[in-house]
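Here's the structure, in structure tokens; my notes come after.
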Amino acid sequence: MRLSRYFLPTMKDNPKEAQVVSHRLMLRAGMIQQASAGIYSWLPLGFNVLQKIEQIVREEQNAAGAQEILMPTIQSADLWRDSGRYDDYGQEMLRITDRHDRDMLYGPTNEEQVTDIFRTHVRSYRNVPLNLYHIQWKFRDEVRPRFGIMRGREFLMKDAYSFDLDFEGARRSYNQMFVAYLKTFARMGLKAIPMVADTGPIGGDMSHEFIILADIGESEVYCHKDWLDLDVLTSEIDYQGDLQPIVDKFTKIYAATDEKHDPSLCPPEDLVSTRGIEVGQIFYFGTKYSEALGAKVSKPDGGEAVVHMGSYGIGVSRLVGGIIEASHDERGIIWPEPVAPFGVGVINIRTGDEACDAAAEDLYAKLTTAGREPLLDDRDERPGSKMADMDLIGLPWQIIIGPRGLKNGVVEVKNRKTGETEEMTPEAALNKLAR
RNA sequence: CGGAGUGUGGCGCAGUCUGGUAGCGCAUCCGUCUGGGGGACGGAAGGUCACAGGUUCGAAUCCUGUCACUCCGACCA
């Protein structure tokens, strides 16, 4: 992409309404624009990142055996009356009336809808386990939206729903999602700690919130200090195998949210207390919705079983802010490579200079061919503002091409994260970054 | 939903107390000089001062109401 043609409205000044770092940087980097309280438009740079995150989530869900569907944003109130939640949900649910005066709602979640799909088509134990997920916009009419995209009213969420014959099956499904979440967040360069979470009226030990540590986190969290240098999960996973050992490994070290914190379970000298951002939650809720909505399958012995369900959410749009909170400096964003909107930023220090133009165009073409998704700053701007913009939008690598270096046959390769720069020939730069 | 606050050009702000026909920095456009960390000079464009009503010869400024947004708290992916 050429910056001269790319819609990237960056800002030098901080918008006053943005208090937290990620919100400020997203506005300054031209990623989003607020449409109304807690509702945002996504501009090209922000949308690019959102899609990269979405794709990682999708790949890991598929790898774990979940199947993607797409359910609507607008739902009928009838299903919610069946489950009893139409009256329970309260003001957070945005209620709408259509032209025929029928009660509709903008979905805050999809348990009812997915259960309806299941009960319509699945009648036999042979067709479970089943795990269906979708990545769709949700709306919750928060009283007080804040933190920019991280606590908006409209948000993009991946939600998966598992259906099993019994509790043991549900535990296997739960473990699959548990491990898939570890892999998903690790791929984004995040350390997300699974913390014991409140299971509500269901009870048991099958709910975890996946939390990344950050000062501006919305809730107080507690964990053993061993978490801080525990390696994230990167190995290949056989999802059909026994996942319990992996789950055990990541649950035996103490970590709990505020509500579930029990000081007796962790020596005080090892306890770390900090704030965290919840980026995912997994939950086993038994037969709550299957019972209410009649999702039953026939068993091998001819009887009927009400299916056991679980739901598994990932805040896709929230992750954009979460990643920035976890990875930035005073100059701007520092994208982890897997979610970076472009792989390499090529800065032509002096657009219009014959040698600079030629070198920049050549590198740009070759990086494009190599699949590195380069962003070429070919604008006629001052060097300072080009560098400031490139640092702000946080691409992992920069190649800086200027007359001074070219005189000696070199360009400068800069690592955004470490700030280290290295001079080398354009060919060497290409070899280093094209991989 | 309680508490606090803010609405003036794209962004950040001054002007409001003490009414007199709107200003500054950055950004934008044109020109010249520049050119490795947000440059200089000259010129230009851009505002129903959130909205509605009222007071007044005259309202960004005073009064009444409405709306929007932000921050702190309680609540949530």
Side-chain angles (χ1 to χ4, degrees), chain A residues 9-20 23-24 27-28 30 33-39 57 89-93 107-110 135-160 181 192 197-198 200 207-212 217-219 257-259 276-283 311-322 330-332 347-353 356 377 379-392 398-407 410-412 414 419 421 423:
Chain A
T10 58
M11 275 182 282
K12 196 157 77 172
D13 296 320
N14 282 320
K16 67 170 174 182
E17 74 271 15
Q19 296 300 308
V20 302
H23 190 194
R24 209 154 58 212
L27 289 167
R28 284 192 50 208
Q33 175 172 317
Q34 179 164 331
S36 54
I39 302 177
V57 171
Y89 215 94
Q91 297 225 285
E92 282 201 349
M93 184 152 76
T109 178
N110 292 73
I135 300 172
Q136 178 63 291
W137 292 91
K138 307 277 190 292
F139 194 93
R140 292 183 192 170
D141 199 1
E142 299 279 347
V143 255
R144 191 183 159 210
R146 68 180 113 175
F147 304 148
I149 218 67
M150 285 203 293
R151 181 142 172 229
R153 293 193 292 171
E154 189 182 51
F155 55 97
L156 186 62
M157 181 176 170
K158 184 286 299 182
D159 41 328
Y181 275 37
D198 197 10
S207 179
H208 287 87
E209 290 182 9
F210 286 74
I211 287 179
I212 56 179
E218 59 222 311
S219 53
T257 59
D258 202 19
E259 315 88 69
I277 301 166
E278 183 185 348
V279 289
Q281 177 164 22
I282 58 179
F283 205 98
S311 74
Y312 316 91
I314 290 180
V316 176
S317 49
R318 169 179 283 190
L319 271 167
V320 180
E330 63 289 341
R331 294 181 184 282
I347 299 179
N348 182 349
I349 284 287
R350 198 171 306 172
T351 303
D353 177 274
C356 289
D377 193 343
R379 299 171 303 172
D380 185 16
E381 291 288 333
R382 310 275 312 176
S385 64
K386 290 188 176 191
M387 293 180 179
D389 272 347
M390 202 57 90
D391 285 345
L392 174 63
Q398 300 173 10
I399 300 179
I400 301 164
I401 300 167
R404 210 168 70 190
L406 282 185
K407 217 172 289 172
V410 296
V411 296
E412 196 175 304
K414 174 175 162 183
T421 62
E423 291 198 333

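Hydrogens, waters and symmetry mates are skipped; everything else that's a heavy atom, side chains included, is used. Everything numeric here is computed off the predicted structure, so don't read it as measured data. A, B, ... follow the sequence lines: proteins, then strands. Residue 1 opens every chain.
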Is A/A37 touching bases, backbone alone, or none of the nucleic acid, heavy atoms closer than 4.0 Å?
sugar-phosphate

Watson-Crick or G-U wobble partner for B/G10, using a 3.5 Å limit on both distances?
B/C26

If pairing requires Watson-Crick or G-U wobble contacts with both distances under 3.5 Å, which nucleotide is the partner of B/G65?
B/C51

Could you write nucleotides 22-31 of chain B as a row of B, S and -, 5' to 3', where a protein heavy atom under 4.0 Å of any base atom gives B, of only sugar-phosphate atoms gives S, and otherwise -?
---BS-----

Salt bridge (charged side-chain N to carboxylate O under 4.0 Å, His left out) contacts in which one or both residues fall within residues 9-20 of chain A, not counting sequence neighbours
none

Pick the C1' atom in B/A74 and in B/A22, then give their distance to the nearest Å.
43 Å

Would you mind pulling out the nucleotide paired to B/U21, Watson-Crick or G-U wobble, both distances under 3.5 Å?
none

A/E92, CD atom: more than 12 neighbouring heavy atoms under 6.0 Å:
yes

B/A40: pairing nucleotide in any strand, Watson-Crick or G-U under 3.5 angstrom
B/U32

What is the nucleic acid contact for A/D353, judged by heavy atoms within less than 4.0 Å: base, sugar-phosphate only, or nothing?
nothing

Rounded distance in Å between the P positions of B/U6 and B/C13:
12 Å

Is there a donor and acceptor pair closer than 3.5 Å between the side chain of A/K407 and the base of B/G36?
no

Using a 4.0 Å cut-off on protein heavy atoms (strictly under), produce a 5'-to-3' string for nucleotides 72-77 of chain B with B for base contact, S for backbone-only sugar-phosphate contact, and - for none.
BBBBBB

Nearest-nucleotide check on RNA chain B, A/G148 vs A/R28; residue mapping nearer the 5' end is A/R28

Tell me every residue that passes side chain to side chain contact (heavy atoms under 4.5 Å, CB included) with A/T351, counting only those two or more places apart in sequence or in another chain.
A/N348, A/D357, A/K386

Pick the C1' atom in B/G9 and in B/C76, then give their distance to the nearest Å.
38 Å

Need the pair for B/G46. Rule: Watson-Crick or G-U wobble, both distances under 3.5 Å, any strand; none if unpaired.
none

Results of side chain to side chain contact (heavy atoms under 4.5 Å, CB included) for A/A388 - residues two or more places apart only
none

Calculate the interatomic distance between A/E17 atom CD and B/G12 atom P; express it in whole Å.
6 Å

Go ahead and name the base partner of B/U70; Watson-Crick or wobble counts if both distances stay under 3.5 Å, otherwise write none.
B/A4

Any donor-acceptor N/O pair under 3.5 Å between B/G37 base and A/D391 side chain
yes

Under 4.0 Å, heavy atoms only, any strand: does A/T109 hit a base, just the sugar-phosphate, or nothing?
nothing

Can you check each nucleotide of nucleotides 41-47 of chain B against protein heavy atoms at under 4.0 Å and return B for base, S for sugar-phosphate only, - for none, in 5' to 3' order?
-------

